Amino acid sequence: MSHTTEVVKYEKLSNGQFAVTIRCCGNASTDWSHTMAAEVAADPERRAASLAEAKQSCAALHQHALDAEAGLIQEMGKITEHV
Ligand SMILES: [Zn+2]
């Protein structure tokens, strides 16, 4: 499936470090924290590159989680006999 990501929160950790929360598909269970240096966050190009990478990771993790759930559902109820 396709994923959509957005920054839903930012936080100043110190003068030199900021954190953003990235959310996938509007689902809070996918929230992913990404920290960046203030100098990166302040520079439009570096900020965009940093966020693009983090958003890609967030979307990939959401897909992995969906695949994991789908896979584990298939394991439900399988009886293994041990002799
Ligand atoms: Zn997603």
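Computed from a predicted structure; not experimentally measured. When a ligand or atom number is given, it counts from 1 through the structure's own listing order.
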J.: According to side chain to side chain contact (heavy atoms under 4.5 Å, CB included), who are the partners of Q56, at least two apart in sequence or on a separate chain?
T.: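 Testing Q56 for side chain to side chain contact (heavy atoms under 4.5 Å, CB included), a comparison that skips the adjacent residues, returns none.
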
J.: State whether the side chain of S57 and the backbone N or O of E53 hold a donor-acceptor pair below 3.5 Å, judged by distance alone.
T.: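 Side chain of S57 to backbone of E53, a donor-acceptor pair under 3.5 Å: yes, one is there.
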
J.: So what's near the Zn ion (ligand 1), protein N, O or S atoms under 2.8 Å?
T.: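 Protein N, O or S atoms closer than 2.8 Å to the Zn ion (ligand 1): H3 ND1, C24 SG, C25 SG, H62 ND1.
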
J.: Kindly work out whether a path of hydrophobic side-chain contacts (I/L/V/M/F/W/Y, heavy atoms less than 4.5 Å apart) joins L51 to V40.
T.: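 As far as the 4.5 Å side-chain criterion goes, V40 and L51 are connected within one cluster.
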
J.: Start with the C-alpha distance between S50 and H34, add both sets of side-chain angles, then the distance that settles side chain to side chain contact (heavy atoms under 4.5 Å, CB included), and finish with yes or no.
T.: CA-CA 9 Å; S50 180; H34 173 65; 2.8 Å; yes

J.: Mind checking what makes side-chain hydrogen bond (donor to acceptor under 3.5 Å, both in side chains) contact with H62, not counting sequence neighbours?
T.: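 Counting only residues at least two positions away or on another chain, H62 forms a side-chain hydrogen bond (donor to acceptor under 3.5 Å, both in side chains) with H3.
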
J.: Is there any side chain to side chain donor-acceptor pair (under 3.5 Å) pair reaching into residues 39-48, and which pairs are they, with sequence neighbours excluded?
T.: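 Matches after skipping sequence neighbours: none remain.
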
